[in-house]
Amino acid sequence: MTEQNETGSKPVKKMDLNRREMPKQQPEVRITNFQEVALGYAAETAIEEAMRCLQCRKPGCVPNCPVGIDIPGFIAAIDQRDFQSGVNILKQKNALPSVCGRVCPQEEQCESGCILTKRKSSVAIGRLERFLGDWEAILGDDAPPEIAPATGKKVAIIGGGPAGLTAAVDLARFGHSVIVFEALHKMGGVLSYGIPEFRLPKAIVDREVNYLRRLGVEMRTDYIIGKTRSIDSLLEEVDAVFVATGAGLPWFMEMPGNNLNGVYSANEYLTRINLMKGYDFPSAATPVKQHRKVAVLGGGNVAMDCARTALRLGAEVSILYRRSREELPARLEEVENAEEEGIIFRYLTLPVRAIGDDHFQVKALECIRMELGEPDASGRRSPVRVPESEFVLDFDCVIHAIGNSPNPLIPASTPGLEISKRGTIVTDLETGMTSKERVWSGGDVASGAATVINAMGAGRRAATSIHAYLCEPVPWPRGEGA
Amino acid sequence: MFRLLENKMLVPNLYHALISAPDVAKAAQAGQFVIIRPTEASERIPLTISDWDAARGTVSVVYMKVGKTTAEFAALTAGQDLATVAGPLGNPMEMGLFGHVVCVGGCYGLASIYPMARELKRLGNRVTIVIEGRSSYLLYWQQKLRSVSDDLIVITRDGSKGLPGHINNLTGVISRQAVPVNRVIINGCNYLMMRGSQETRPLGIRTIVSLNTLMIDGTGMCGVCRCTVSGSTKFACVDGPHFDGHEVDWDELNKRRGAYLVEETQVLRSSKGE
Ligand SMILES: Cc1cc2nc3c(=O)[nH]c(=O)nc-3n(C[C@H](O)[C@H](O)[C@H](O)COP(=O)(O)OP(=O)(O)OC[C@H]3O[C@@H](n4cnc5c(N)ncnc54)[C@H](O)[C@@H]3O)c2cc1C
Ligand SMILES: Cc1cc2nc3c(=O)[nH]c(=O)nc-3n(C[C@H](O)[C@H](O)[C@H](O)COP(=O)(O)OP(=O)(O)OC[C@H]3O[C@@H](n4cnc5c(N)ncnc54)[C@H](O)[C@@H]3O)c2cc1C
Ligand code: SF4
Ligand code: SF4
Ligand code: FES
């Protein structure tokens, strides 16, 4: 327990070097439901955790946050129980604290730079950020957001994911009229259709979308730019376009048998369950099969999400990864959650063929053993096949979760837009400007699949650049390609 | 947002819906489809745009009531709104001056081929339309189809109208044409398109079919619409839905189409047995 001293503000208590644990649903319980696993700090715990922060004069954490949040600033506000100020500090740089506090890979970002990492464990920056975001939703002041006087300029944003949402908020607050086009029937991008409910409750995404509505942002769902309308035709009506269409094209590991029934891309699997609420089937319409034994191919966050989703639908789930635990690209926290829940990790295993039954339904995977060789370009030890080590594992469902690249719909329908060999839109990193006049881009479609906070950072930088351009147009700097 | 202006049964089990969707109507081209979600709780299903009016801002779809979603659609009445009408999706049908084109339609395909025939005719092709059905009372839009073709040939299985028989008569129909046929387009259920392609293969006539796969997003995001054409995997929604009927792996297509529908294979088997 903490005690308040006479003068009020500073609690007296001996420093405890351990970071405060965040309560979680017990593994036996949570694997039977789709509710959030981590339950968040209570106010007292948040304050105790905030007290651990040393308020460094030259904080190591801030430069490691991709959007440069004033971390000691918001933590000090929590320490002083001034939660509203904390929220305000966060919101200067991050429009979606409840989201980032949950899904940022903090251990690689802000928290990895915290000085306390060397002594015991870093301040739980993400958990504190989540605490403030959630506090605001319930108790924060509900004052209408401040909006600059209308400028008469109009901006179209393509894609309702974190990059598009962030840019929309900023541009609306600068006084521009903003319209967001989203291909699916729901806003949010990967936050809605990809990341599962038990990691990011959809109510949080809905709240942010409502905030956009309050800012007067117009939203057109079921609207596919490049199909329903082209960018060139949009440019006749709006002053600027921001392309934030993400990286939604699924990759399949190359092997025979991929078209068997029961073989999915991670996108299909997660979309059926998150966007179409397949876990409610049959009361929701989109069918989800009851699979017994599921193989997830890949080792990133997307693989963990697929595996933990399948587990909650009642299957025995294995993750097949061709390297070892150390090389798993997923966040450690997610790997630990998956392990606790009973996901089977099969390391150094590469599937080479999916085998079907007489009904064209997948029934097994032929795999080959791998061993780790020399480090490759990414610094990870590269896996090599062990000759004649083939073996067969039974599965009635196989999910490819090895990555995504940008969808070619926009590139194919937009003359003058420079595209890289990887299929990403070429942009200026500082401003998000593309080769096409009055078109900006950012998020996964420009960077390749990355993170929520990177997409948000790109959305904010583009909004700033768009605003500057609309106030004072300059000759388009990257015009050669156009 | 997407107001249903009309939703009527054309012939038993087949419905025509007229929908207000101005931006879709403005962009639509022959051979494209929309993804429709009749209600907020419905699945997303693909339906071909069978007509549109850019000035009025309307699109038409003709759909067969086969399952849950199409039943939900059929239960709506004029004046209600559809939850989603997204499109136009997929590539348009390839157009050009080909010479003599035979457009074959069955079931909802009678409506799907209408805009294709209209555009082919406008471009100066000779257009012969062949429509196929179990019985004359299942045929519709004949007047419309006649207006966009040089010749309309009717085939019914019970012989109640036109030639008696079914799609197996296609070879005969084509060989009796005075003007040689340069291209065949077939739209309807996968069985019709598969059998039709088998008919035209020995004749060496280029045959384009519009594949009927499962779909969710219709934009290349999920991959459920995978099919094999010329030995490589394609996404029907973005690479198609129109493909060379002689290059499609029909066996795989039928098995994938039935992934969620055990009964569908029975439907196919019984029609093969005829
Ligand atoms: C399963 C999964 C789990 C993840 N987990 C994490 C995590 O824990 N932490 C983390 O930081 N990151 C995570 N990521 C990555 C993160 O979600 C992305 O980096 C981020 O969402 C990218 O944001 P974005 O706005 O660029 O694109 P997206 O979120 O992809 O949004 C793009 C939007 O544009 C729409 N769109 C596409 N084309 C068009 C068009 N032509 N017209 C109109 N709209 C269009 C799409 O429908 C989509 O809604 C995860 C990704 C996945 C798939
Ligand atoms: C690009 C494209 C365009 C299409 N255009 C049209 C169109 O214009 N009009 C139209 O009616 N349909 C069209 N379809 C097919 C249509 O999408 C399906 O019929 C629809 O998804 C069925 O949904 P449902 O939920 O009502 O039926 P489901 O619940 O999916 O199916 C119920 C039952 O119907 C039967 N069934 C379903 N689909 C078919 C089929 N295609 N052939 C034979 N039996 C079937 C099966 O036996 C199944 O058990 C198109 C499909 C594609 C890919
Ligand atoms: S936004 Fe992400 S990286 Fe930045 S402080 Fe918050 S949790 Fe850390
Ligand atoms: S580096 Fe750690 S201790 Fe220092 S200000 Fe940042 S969070 Fe606090
Ligand atoms: S329907 Fe999803 S990729 Fe084609």
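In what follows, chains are A, B, ... by sequence order, proteins preceding strands, each numbered from 1.
- Looking at A:Leu249, the atoms closer than 4.5 Å to chain B (heavy atoms on both sides) sit in the backbone and in the side chain alike.
- In this structure, the portion of B:Gln32 lying under 4.5 Å from any heavy atom of chain A is its side chain and not its backbone.
- Within the 4.5 angstrom heavy-atom criterion, no atom of A:Leu270 approaches chain B.
- Side-chain contact between B:Arg256 and B:Leu214 is absent, with no heavy atoms from C-beta onward closer than 4.5 Å.
- When B:Tyr15, B:Tyr108, B:Phe33 are each tested for a ring pair (Phe, Tyr, Trp, His ring centres under 6.0 Å) with B:Tyr63, only one passes: B:Tyr15.
- Ring geometry for A:Phe181 against A:Tyr223 counts as tilted: the plane angle lies between 30° and 60°, on a 0 to 90° scale.
- Side chain of A:Thr414 to backbone of A:Pro411: no donor-acceptor contact under 3.5 angstrom is found.
- Looking at every heavy atom in both residues, A:Gly160 comes nearest to A:Val180 through CA-CG1, 4.2 Å.
- Proximity to chain A (any heavy atom under 4.5 Å) is shown, for B:Ala21, by neither the backbone nor the side chain.
- The choice from B:Cys227, B:Gly220, B:Gly223, B:Ala27 that makes the most heavy-atom pairs within less than 4.5 Å of chain A is B:Gly220.
- Residue A:Asn259 touches chain B through both its backbone and its side chain, counting heavy-atom pairs closer than 4.5 Å.
- The most heavy-atom pairs under 4.5 Å with chain B, out of A:Asn407, A:Thr221, A:Leu409, come from A:Asn407.
- The residue among B:Thr233, B:Asp251, B:Asp217 with the most heavy atom pairs within less than 4.5 Å of chain A is B:Thr233.
- In summary, of the residues considered (B:Lys68, B:Glu72, B:Arg37), a side chain to side chain donor-acceptor pair (under 3.5 Å) with B:Ser42 occurs for B:Glu72 alone.
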